[in-house]
Structure formats: C-alpha cells, structure tokens
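The structure under discussion appears below in the form of structure tokens.
Remember, it's 1-based here, ligands and their atoms both numbered in the order they're listed.
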Amino acid sequence: MPFSDFHGNPDVVRTAREMLAHDRFPHALILSGPQGSGKFTLAQMIAKAMNCLAPPATNDRPTTDRLPDFCGRCANCIRIADADDLEARFAEAVEVRESMRDADKRETRIFVQTHPDVTIIPPDPPQMLVKVDQVRHVIGEIYYRPSEGRERVYIFSDADFMKEAANSLLKILEEPPDFATIFLLTDNPSALLPTIRSRCMHLRLAPLSTQEVEDYLAEVRPEWKVRERGLVARLCGGGLGRARSFDLARYLAARQDALALLASAMGARDHSELFKVTESYRSGGDGKAKLDSTIRVLYSLLEDLLFVKSGTPEMVRNTDILSELNRMSEQVDFEWIVTATQRLGELESGMRRNLLRSLALDSFAASLEK
Ligand SMILES: [Zn+2]
C-alpha cells in the first residue's frame with residue numbers, strides 16, 4: 001500500500017514526501033486533523049518509507065512522481081504494517097496488562113511495537129492520557145541507533161499528555177538524535193503546550209469531501225448500493241475509518257425511533273407509537289448504547305431541519321428522507337428546533353445521572369409538544 005493509496009489531502013502527502021526526498025524531514029512533526037482524516041495511516045506510511053529495504057526506484061517509472069515511496073513487501077514494511085490495525089494491537093496490549101499480577105500491572109505501560117525501530121505510544125487507559133512513564137521509556141531508547149531500519153520512529157497516536165509527561169517530552173524535543181522522528185497526532189493541536197508546538201513542524205489534514213469518501217467506499221465497500229454509499233459518506237462528515245465500519249442498518253433503526261419521537265413531539269395525537277419506541281429502551285449496557293445512538297441521530301435530524309428551514313437543503317445529511325424533513329420543517333419554527341436541541345442536551349446529561357431511560361425519552365417528547 002504505497003502513498004498513492006492514501007485518500008485525500010494530496011498537498012500534505014506531497015510536502016511530507018518532498019521533505020523525505022531532500023532529507024529535510026523534521027525530527028518532530030505534529031500531524032493534526034479530525035478523526036478519520038488519516039493521521040495514523042500517513043504516519044505509518046512515512047515510517048515505512050523511512051525504513052523500506054526495497055524502496056521503488058525513483059527514476060524508472062516515468063508515469064509516477066519520482067518522490068520517495070515504500071514497497072509494502074519487504075521485511076521492514078511488513079513488520080511496521082502489523083501495527084496498521086492499531087485498534088486491535090492496542091486491545092491486545094491492554095489485555096496482556098490486564099492478565100498480569102496487580103504489582104506488575106501498575107508498573108506496565110501500554111506500547112504497540114511490531115518493529116524494533118518503530119514504537120507507537122497510545123494514550124494509557126483508563127485515563128486515556130500519555131503518562132510520564134511512557135515518555136521515559138522513549139527517552140530510554142531514542143538515543144540508540146536504529147537496529148534494523150534507518151530511522152527510529154515514535155508515533156504518539158493521540159497526543160494528549162499528562163502534565164509531567166509533556167514536560168518530559170520537551171526534554172527530547174530540545175535535543176532529538178539525528179536518526180529519530182517523533183510524530184504527535186492530534187485532532188486538537190491547540191491543546192498541546194506552546195513550548196511543544198514551537199519545537200515541532202505542523203502539518204494539517206483537512207476533513208475529506210463527501211465525494212472523496214464516496215470514492216473510497218466504492219473501493220472498500222463495493223457491496224453497498226451507490227445510494228447507501230452516498231448516505232454514509234454524508235453521515236460520516238469526512239471520516240474514512242468511521243465510513244468504512246459504518247453500521248447503516250443500525251443507524252436506520254435508530255433513525256426510525258428518532259423520527260417517531262420527533263413526530264410525537266411535533267404534536268401527533270396518537271402516542272402509542274411513541275410508547276412502543278420508548279419502552280424498548282431498557283436499562284443495562286445494551287440500552288445505553290442504543291439510547292446514545294438515538295440521541296446522536298436526533299441531533300443530526302434537528303440540524304437537518306435547521307438546514308431545510310434556513311434554505312440550505314444542500315447541507316442536509318439525511319438526504320434520503322429530504323421530503324419527510326421538508327414536511328416536518330413546515331410544522332415547526334426556528335425556536336422549536338432550538339428548544340428541542342437544548343432539551344436534548346438536558347436529556348443527555350440526565351442519562352449520565354442514570355435517569356430511567358424510557359421515562360426520560362417520554363418526557364423529552366412531551367416537553368416539546370405544541
Ligand atoms: Zn519496503
């Protein structure tokens with residue numbers, strides 16, 4: 001999977017490869033962008049290009065751009081690629097720690113390392129922050145020359161640091177070795193310490209356009225209908241990872257419930273449909289996940305109603321029910337939509353305090369009746 005397989009943001013990819021070509025890749029790089037924009041995928045690709053044992057020749061392919069690439073087939077590429085599925089490797093590392101004796105558990109920090117020279121440092125659970133011991137581990141080995149590749153690579157897959165960890169990282173950033181590169185991946189670069197930011201170069205990945213997501217889905221989800229791919233692309237707001245694993249059937253079921261709730265809130269006389277829906281939200285972990293997705297769908301429907309009302313239907317995400325949204329929007333005014341959004345926020349915080357789910361949904365709908 002060479003660089004040409006990266007989706008979107010061609011300018012950022014070209015910049016990174018040009019820096020590689022001129023041997024001017026920075027020792028510390030902030031790679032920022034929304035969830036699903038490909039930060040980790042790109043960092044992995046760069047790590048492979050830095051360490052590939054058989055990089056595609058840059059002068060015998062007249063049709064390509066002649067910038068550095070990686071083969072995807074050599075021992076280094078393959079071992080680095082073992083961490084491409086970061087979620088799975090992370091879960092394995094956490095499981096190993098869970099199986100340890102308590103004393104060892106406390107001492108053990110989470111890393112993902114499938115190649116001796118490439119280390120991924122995910123945020124450490126349960127706080128999901130990078131801890132000082134993780135950074136100390138990096139300090140302990142970053143000054144040794146790479147053993148099987150050309151470059152030591154450290155990828156902080158979600159650069160959300162505990163204070164002490166951030167201060168430790170600064171020490172490395174002040175004097176990084178020539179043969180090491182540190183990636184800080186984040187969807188919120190402004191949360192990083194200014195002293196860290198000032199020592200790093202910064203590349204930003206923009207969210208992908210709906211068309212780019214649709215093209216990607218055509219490749220990885222050919223079994224989906226064109227209409228379904230279009231809908232998923234719109235619903236995922238430019239996130240490839242989310243789009244690929246999107247559970248459309250589940251979404252549509254939640255949307256059915258959300259529409260029934262809104263219809264009732266908009267003053268349907270017959271509430272039996274509403275009660276049928278809300279009754280199905282029982283307590284327990286399953287009910288919570290179900291309610292969470294219904295709340296998210298409600299937000300997106302209310303937002304779509306706002307788009308329709310404000311004369312910008314091209315912004316609507318639930319495009320397949322546009323005529324239904326049009327009909328609904330005629331029954332309410334702006335104020336109603338704003339109030340409904342506020343009530344939904346209250347419902348959400350009520351859920352965190354474990355109010356009875358079915359009752360909370362009933363009263364959400366009832367409170368909005370006109
Ligand atoms: Zn290779």
Open item on the list: Tell me which pairs pass side-chain hydrogen bond (donor to acceptor under 3.5 Å, both in side chains) where either residue lies in residues 176-198, with sequence neighbours left out.
Closed with: E151-T181, N188-S190
- [ ] Using 2.8 Å as the cut-off, count the protein N, O or S atoms closer than that to the Zn ion (ligand 1).
- [x] 4
- [ ] Give the C-alpha distance, both sets of side-chain angles, the deciding distance and a yes or no for side chain to side chain donor-acceptor pair (under 3.5 Å) between D215 and Q211.
- [x] CA-CA 6 Å; D215 293 346; Q211 191 56 53; 3.0 Å; yes
- [ ] Please list, chain by chain and in numerical order, all residues satisfying ring-ring contact (aromatic ring centres under 6.0 Å, His included) with F246, sequence neighbours excluded.
- [x] Y251
- [ ] Determine, for D133 against R106, whether the closest basic-nitrogen to carboxylate-oxygen distance falls under 4.0 angstrom.
- [x] no
What side-chain donor-acceptor pairs closer than 3.5 Å can you find for residues 236-245, not counting sequence neighbours?
{"from": "R242", "atom 1": "NH1", "to": "L235", "atom 2": "O", "distance (Å)": "3.4"}
{"from": "R244", "atom 1": "NH1", "to": "Y216", "atom 2": "OH", "distance (Å)": "2.6"}
{"from": "S245", "atom 1": "OG", "to": "G241", "atom 2": "O", "distance (Å)": "3.0"}

TODO: Report whether L31 and L193 are members of the same hydrophobic cluster (ILVMFWY, side-chain heavy atoms less than 4.5 Å apart, transitive linking).
DONE: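 L31 does not cluster with L193.
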